[in-house]
Engineer: 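Below is one structure. I have some questions about it.
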Amino acid sequence: MAELSRRALSARTPTVDVHTHVYLPRYAAELRARSSAPRIYRRTGADDQPEERLLILDGEPGVGRPVGPQYWERDQKLLFMKRHDIDISFVSSANPWLDFLPPERAHALAQELNNDLEEYCSTSPEAEGFPGLKSIYGFGLLPLVPGVSVSSVLEIIKQINTLPHISGIIMGTRGVGNGLDDETLEPMWEALQQANLVVFIHPHYGVDSKSFGDRANGHVLPLALGFPFETTIAITRLILAGVLDRHPNLRLLLAHSGGALPQLSSRLASCIAHDPIVAKRLKHDARYYLGKLYFDAVAYGAEELAFVSNVIGRAEAYNATGGEYDTDVGSTRLLFGTDHPFFPPLEASQKWQSVEDNLKAIRSVRTWGDSARANVLGLNALKLFNLES
């Protein structure tokens, strides 16, 4: 099939980025005030000029990463969008969110940052060519830290529900310290389901760094493997805990195309079927639940996207009440993303290879027609976030 040009496609449908981050100025100030990770600190760079660097985790390779206006200035976000023909972005605070704060401070800062993000989005320009739509919408934050009260979390969900340009929330995998399958979080899942908010689940901690060895490999192993495996474990625990059975209308969006979960889902189902502790716990075969999730398309390859799409498409065949494989379903649950401002080009460039690779992958999935590509590039996002005209 001939490849569609992105320009031609965008004439009929928007390009929507669901995985793009921001460190709002208030949050950056919080990090600058810290003396240990996570923090933003100043040092003299290789050119003998002062620079700011972001250190997210203790023991992070090198001395963190350079940060600048592209991390917090909206004009830089809009410029990036224009360069890559992105019409609408759903921005989210980047990790580590509020994980490092005590409960009272996390609650107060979540409220402030959600209000800041509403202003950031509501005052953004209209999406060119799409009347009535803003160019930027957002994911809010919850004060998910150890020791926080459930009432505090529920109060912030109510706040987010009053902010018209905040369409969901982003969260890590640790919940309030015991993972997302913690029974303490049951009222949160129910409130998020009732509020119809999209929940973007994103990794931060990775896996035990000792498994990466002592060779200097930069950030490659933590980002390429640690992040996706963290997501895989977190979502598998949610499935095993029956969260998706008890809250079947939750709208969960998984970062990095769901990590390794699609590839390992049949192995997971087999292990469940042979384990007496969990064999009869779930209402459906584990593979069914992948059809209830949404996945960003930050996979960088057409074959990987095709595989995830196929796994989603077969999910209904594992419905305990009966169902069939549907090849068209998979592309309705994948959504374009960029991971901006991370993965910048190593040399100055108008285009980011990470973004171009993701776009090329979407255009090159052999089993997708024009409508499927349009869905993944933007229409799925408009539907998920209730912005369809």
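The basis for the numbers below is simple: all heavy atoms, side chains too, and nothing from hydrogens, waters or symmetry mates. What you are looking at is a predicted structure, and each value in this text was computed from that prediction instead of being measured.
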Engineer: Can Arg53 and Glu51 be said to form a salt bridge (charged side-chain N to carboxylate O under 4.0 Å, His left out), step by step?
Structural biologist: CA-CA 7 Å; Arg53 297 189 76 88; Glu51 67 172 6; 3.0 Å; yes
Engineer: State whether a side-chain donor-acceptor pair under 3.5 Å links Glu190 with His247.
Structural biologist: yes
Engineer: Side chains of Ser93 and Tyr27: closer than 4.5 Å at any heavy-atom pair?
Structural biologist: no
Engineer: Determine whether a donor-acceptor pair (N or O, by modelled atom type, separation under 3.5 Å) exists between the side chain of Ser152 and the backbone of Val148.
Structural biologist: no
Engineer: Under a 3.5 Å distance rule, please check whether Arg174 uses its side chain to pair with a backbone N or O of Asn178 as donor and acceptor.
Structural biologist: no
Engineer: How would you list all residue pairs meeting salt bridge (Lys or Arg N to Asp or Glu O under 4.0 Å) that involve residues 260-283, not counting sequence neighbours?
Structural biologist: none
Engineer: I'd like to know if the side chain of Thr232 and the backbone of Gly259 have a donor-acceptor N/O pair within less than 3.5 Å.
Structural biologist: no
Engineer: Within a 6.0 Å radius of atom CD on Gln353, are there more than 12 heavy atoms belonging to other residues, nucleotides or ligands?
Structural biologist: no
Engineer: Do the side chains of Asp208 and Lys210 get close enough for a salt bridge, i.e. N-O under 4.0 angstrom?
Structural biologist: no
Engineer: How are the rings of Phe80 and His340 set to each other: parallel, tilted or perpendicular (split at 30° and 60°)?
Structural biologist: parallel
Engineer: Hey, what do you get for CG (Asn310) to OG1 (Thr327), rounding to the nearest 0.5 Å?
Structural biologist: 8.5 Å
Engineer: Please determine whether residues Val329 and Trp368 belong to a single hydrophobic cluster, defined as Ile, Leu, Val, Met, Phe, Trp and Tyr linked transitively by side-chain heavy-atom distances below 4.5 Å.
Structural biologist: yes
Engineer: With the side chain counted from C-beta on, respond yes when Phe336 and Ile86 share a heavy-atom pair under 4.5 Å apart, and no when they do not.
Structural biologist: yes
Engineer: Go through the structure and list residues passing side-chain hydrogen bond (donor to acceptor under 3.5 Å, both in side chains) with Thr20, not counting sequence neighbours.
Structural biologist: Lys77
Engineer: Is the closest side-chain heavy-atom distance between Leu252 and Leu238 below 4.5 Å?
Structural biologist: yes
Engineer: Please walk me through it: do His284 and Asp245 pass side chain to side chain contact (heavy atoms under 4.5 Å, CB included)?
Structural biologist: CA-CA 9 Å; His284 306 276; Asp245 281 336; 3.9 Å; yes
Engineer: I'd like to know if the side chain of Asn358 reaches the main chain of Tyr300, judged simply by a donor and an acceptor atom lying under 3.5 Å from each other, with no hydrogens or angles considered.
Structural biologist: yes
Engineer: For Trp189, is the NZ or CZ atom of Arg251 found under 6.0 angstrom from the centre of its six-membered ring and inside 45 degrees of the ring axis?
Structural biologist: no
Engineer: What residues form a ring pair (Phe, Tyr, Trp, His ring centres under 6.0 Å) with Phe343, not counting sequence neighbours?
Structural biologist: none
Engineer: So which heavy atom on Leu57 is nearest to which on Ala37, and how close?
Structural biologist: C-CB, 3.7 Å
Engineer: Taking atom CZ of Phe90 and atom CG of Leu384, what is their separation to the nearest 0.5 Å?
Structural biologist: 8.0 Å
Engineer: Determine whether a donor-acceptor pair (N or O, by modelled atom type, separation under 3.5 Å) exists between the side chain of Glu230 and the backbone of Tyr205.
Structural biologist: yes
Engineer: Pairing donors with acceptors under 3.5 angstrom, does anything connect the side chains of Glu316 and Asn319?
Structural biologist: yes
Engineer: In the hydrophobic clustering (ILVMFWY, side-chain contacts below 4.5 Å, transitive), which residues join Phe229, or is it alone?
Structural biologist: Val207, Phe212, Leu221, Leu225
Engineer: Once rounded to the nearest 0.5 Å, what's the spacing between atom OH of Tyr137 and atom OH of Tyr120?
Structural biologist: 14.5 Å
Engineer: Does the ring of Tyr325 carry Arg314 above it, NZ/CZ under 6.0 angstrom from centre and within 45° of its axis?
Structural biologist: no
Engineer: Does one hydrophobic cluster hold both Ile233 and Leu282, with members joined at side-chain heavy-atom distances below 4.5 Å?
Structural biologist: no
Engineer: Which pair of non-hydrogen atoms, one from Leu261 and one from Ile235, has the smallest distance, and what is that distance?
Structural biologist: CD2-CG2, 3.7 Å
Engineer: Step by step, would you call Glu52 with Arg43 a salt bridge (charged side-chain N to carboxylate O under 4.0 Å, His left out)?
Structural biologist: CA-CA 6 Å; Glu52 285 195 313; Arg43 71 164 201 169; over 6 Å; no
Engineer: State, without any angle test, whether Ser266 and Arg287 hold a side-chain donor-acceptor pair at a distance under 3.5 Å.
Structural biologist: yes
Engineer: Report yes if some heavy atom in the side chain of His256 is under 4.5 Å from a heavy atom in the side chain of Pro203; otherwise report no.
Structural biologist: yes
Engineer: Do Asn380 and Tyr294 pass the side chain to side chain donor-acceptor pair (under 3.5 Å) test, and can you show the C-alpha distance, the side-chain angles, and the key distance before you say yes or no?
Structural biologist: CA-CA 10 Å; Asn380 290 343; Tyr294 294 88; over 6 Å; no
Engineer: Would Ile201 and Leu264 show up in the same hydrophobic cluster when neighbours are defined by side-chain heavy atoms closer than 4.5 Å?
Structural biologist: no
Engineer: For the OH atom of Tyr289 and the CG atom of Leu268, what is their distance to the nearest 0.5 Å?
Structural biologist: 10.5 Å
Engineer: Under 3.5 Å, sequence neighbours excluded: what are the donor-acceptor pairs made by side chains of residues 161-171?
Structural biologist:
from, atom 1, to, atom 2, distance (Å)
Thr162, OG1, Gln159, O, 2.6
His165, ND1, Glu118, OE2, 2.7

Engineer: If I take atom CG from residue Asn196 and atom CD from residue Gln194, how far apart are they, to the nearest 0.5 angstrom?
Structural biologist: 9.5 Å
Engineer: Have Asp17 and Thr338 got a donor and an acceptor in their side chains that come within less than 3.5 Å?
Structural biologist: yes
Engineer: Could you tell me whether the side chain of Leu240 reaches within less than 4.5 Å of the side chain of Ile272, counting heavy atoms only?
Structural biologist: yes
Engineer: Indicate the atoms forming the closest heavy-atom contact of Thr332 with Asp328, along with that distance.
Structural biologist: CG2-O, 3.6 Å
Engineer: Quick one: does Ile156's side chain get under 4.5 Å of Gln111's, heavy atoms only?
Structural biologist: yes
Engineer: If you compare all heavy atoms of Ser89 against all heavy atoms of Met81, which two are closest, and at what distance to 0.1 Å?
Structural biologist: OG-SD, 3.3 Å
Engineer: Tyr288 versus Lys292: any side-chain heavy-atom pair under 4.5 Å?
Structural biologist: yes
Engineer: Test your reading of the model: is there a side-chain donor-acceptor pair from Tyr23 to the backbone of Asn95, 3.5 Å cut-off?
Structural biologist: yes
Engineer: Quick one: list whatever passes side-chain hydrogen bond (donor to acceptor under 3.5 Å, both in side chains) with Arg39, sequence neighbours left out.
Structural biologist: none
Engineer: Could you please spell out the steps behind the salt bridge (charged side-chain N to carboxylate O under 4.0 Å, His left out) verdict for Glu128 and Lys82?
Structural biologist: CA-CA 10 Å; Glu128 186 175 351; Lys82 183 175 181 180; over 6 Å; no
Engineer: Applying salt bridge (charged side-chain N to carboxylate O under 4.0 Å, His left out) to Arg105 and Glu30, what does each step give before you reach the verdict?
Structural biologist: CA-CA 11 Å; Arg105 178 59 183 150; Glu30 190 85 14; 2.7 Å; yes
Engineer: Would you call Val376 and Ser331 a side-chain contact if the rule is heavy atoms closer than 4.5 Å?
Structural biologist: yes
Engineer: Mind telling me whether Phe200 and His21 have parallel, tilted or perpendicular rings, with 30° and 60° as the class edges?
Structural biologist: parallel
Engineer: How many angstroms lie between CG in Leu24 and CG in Leu113, if you round to the nearest 0.5 Å?
Structural biologist: 6.0 Å
Engineer: Using atom types as modelled and distance alone, determine if a side-chain donor or acceptor of Lys134 lies under 3.5 Å from a backbone N or O of Glu126.
Structural biologist: no
Engineer: Report yes or no: do Leu192 and Val150 belong to one cluster of Ile/Leu/Val/Met/Phe/Trp/Tyr joined by side chain heavy-atom distances under 4.5 Å?
Structural biologist: yes
Engineer: Can you give me the closest heavy-atom contact between Gln193 and Pro248, atom names plus distance?
Structural biologist: OE1-N, 3.3 Å
Engineer: Could you tell me which non-hydrogen atom of Leu290 sits nearest to which non-hydrogen atom of Pro262, and how far apart they are?
Structural biologist: CD2-CA, 3.8 Å
Engineer: Using a 6.0 Å distance limit plus a 45 degree cone around the ring axis, check whether Arg333 lies over the aromatic ring of Phe295.
Structural biologist: no
